[in-house]
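No hydrogens, no waters, no symmetry mates; every other heavy atom, side chains included, goes into these values.
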Amino acid sequence: MIPNRPFRPQPATARDKLLEAAVRLVRAQGFSATSVDQLCLEAGVTKGAFFHHFPSKEQLGVAAAQYWSRSTGEFFASAPFHHEADPAVRVLGYIDLRIALISGPAESFSCVAGTMLQESFATSAAIRDACAASIGANARALEDDIAAALAARGLVEPRAVSLARHVQTVIQGAFVTAKALPPEAAAPAARESLGHLRRYVELLLSEEPSLAA
């Protein structure tokens, strides 16, 4: 069994057990390589239970992206950095938390939505849209703090949308490139990439507007 992540509660229903199994298996081997039989075995439920909750594997993929988005969204929304007074510190706190969550092999920290999106963007519009919504929600959660930090430093607010999207782009890219490395090198490389991102954002949101222009 592939270990669970601490920010998701222990699943109680057959549906949630299947969704949690999807998270583990997709991270470990991808969505395409994951069969309905494997999902049922990992979840400890029957195939009848699977099709009772999900008419198809594609519908399971959509629900898994939504489940991932909901659980991770709640986790990040409750993080302590939100209590910081300076919006720039809140933005950097988010990146610091993302760095802190990276450990072990790539399957232990990679994004379920990002993994499924790479595989399914051209074959399943439903999964693509669900995964895009998940990643987009993470970006939108940063926009207000980025906008406030930029405004406090005399910078134009519309840059907040593109910068929030850029943060997620680097995070997803770090996860992808980590998968190309030996397991012991994956986490250090991903943390290094996000460290560069942090320094860039810190410079952009510095107290000297001339540095961020």
Side-chain angles (χ1 to χ4, degrees), residues 5-8 27 65 68-118 121 128 130-181 185-213:
R5 291 296 293 169
F7 55 78
R8 295 190 305 279
R27 278 177 139 183
W68 176 255
S69 183
R70 182 175 66 255
S71 58
T72 56
E74 291 171 354
F75 172 76
F76 287 118
S78 64
F81 67 78
H82 289 291
H83 301 297
E84 297 289 344
D86 186 343
V89 175
R90 295 197 294 270
V91 176
L92 295 174
Y94 170 79
I95 299 174
D96 287 338
L97 179 55
R98 297 302 302 247
I99 294 172
L101 289 171
I102 297 173
S103 65
E107 62 266 25
S108 67
F109 60 80
S110 59
C111 176
V112 172
T115 299
M116 289 200 296
L117 184 58
Q118 292 163 48
F121 75 96
R128 181 196 64 214
C131 293
S134 177
I135 297 171
N138 281 326
R140 286 190 297 276
L142 291 175
E143 288 177 9
D144 287 346
D145 283 340
I146 292 175
L150 291 173
R153 288 149 179 83
L155 300 170
V156 290
E157 185 174 328
R159 295 172 67 179
V161 175
S162 61
L163 181 54
R165 186 169 58 244
H166 176 68
V167 169
Q168 298 305 320
T169 298
V170 175
I171 292 171
Q172 293 295 330
F175 294 161
V176 171
T177 55
K179 294 174 182 177
L181 300 173
R191 288 195 298 267
E192 181 181 59
S193 294
L194 269 61
H196 289 307
L197 171 67
R198 190 194 192 283
R199 286 186 287 276
Y200 168 73
V201 173
E202 186 175 28
L203 178 64
L204 194 65
L205 301 181
S206 68
E207 294 292 346
E208 296 293 335
S210 60
L211 293 177

- Flag side-chain contact, heavy atom, 4.5 Å: Phe75 against Leu97: yes

Show me the side-chain donor-acceptor pairs of residues 191-198 shorter than 3.5 Å, one per line, residues at least two apart or across chains.
unit_1	atom_1	unit_2	atom_2	d
Arg191	NH1	Ile102	O	2.9
Ser193	OG	Ala189	O	3.3
His196	ND1	Arg199	NH2	2.9
Arg198	NE	Asp96	OD1	2.5
Arg198	NE	Asp96	OD2	3.4
Arg198	NH1	Glu202	OE1	3.4
Arg198	NH2	Asp96	OD2	3.2

For Ala185 and Leu181, the nearest pair of non-hydrogen atoms, with its separation, is O-CD1, 3.8 Å

Interatomic distance, CG@Leu205 vs CZ@Arg153, rounded to 0.5 Å, equals 6.0 Å

Distance col, row Ile95:CD1 vs Leu142:CG, nearest 0.5 angstrom, shows 7.5 Å

Shortest non-hydrogen pair, Gly104 vs Phe109, comes out as O-CE2, 3.4 Å

Practice problem: Output yes when a side-chain donor or acceptor of Ser69 lies under 3.5 Å from a complementary backbone atom of Ala65, and no otherwise. | Solution: no

Rounded to the nearest 0.5 Å, the CZ atom of Phe175 sits from the CZ atom of Arg98 at a distance of 5.0 Å

Ile146 and Ala160 have their tightest heavy-atom pair at CG2-CA, 3.6 Å

Min side-chain heavy-atom separation His166-Tyr200 under 4.5 Å: yes

Heavy-atom nearest pair, Pro105 first then Ser108, reads O-OG, 2.6 Å

In this structure, NE2 of His82 is separated from CZ of Phe76 (nearest 0.5 Å) by 9.0 Å

Original post:
Is there a side-chain contact between Gln168 and Arg140 (heavy atoms, below 4.5 Å)?
Top reply: no

For Glu84 and Arg90, the nearest pair of non-hydrogen atoms, with its separation, is O-NH1, 2.7 Å

If only atom types and distance count, is the side chain of Arg165 paired as donor or acceptor with the main-chain N or O of Ala139 below 3.5 Å? no

* Taking the side chain as C-beta and beyond, is there a heavy-atom pair between Cys111 and Trp68 under 4.5 Å? -> yes

Rounded to the nearest 0.5 Å, the CZ atom of Arg159 sits from the CG atom of Leu204 at a distance of 5.0 Å

Closest non-hydrogen contact found for Ala186 with Ala106 is CB-N, 3.9 Å

Donor-acceptor under 3.5 Å (Arg128 side chain, Leu117 main chain): no

One should read off an interatomic distance between Ile171 CD1 and Tyr94 OH, to the nearest 0.5 angstrom, of 4.0 Å

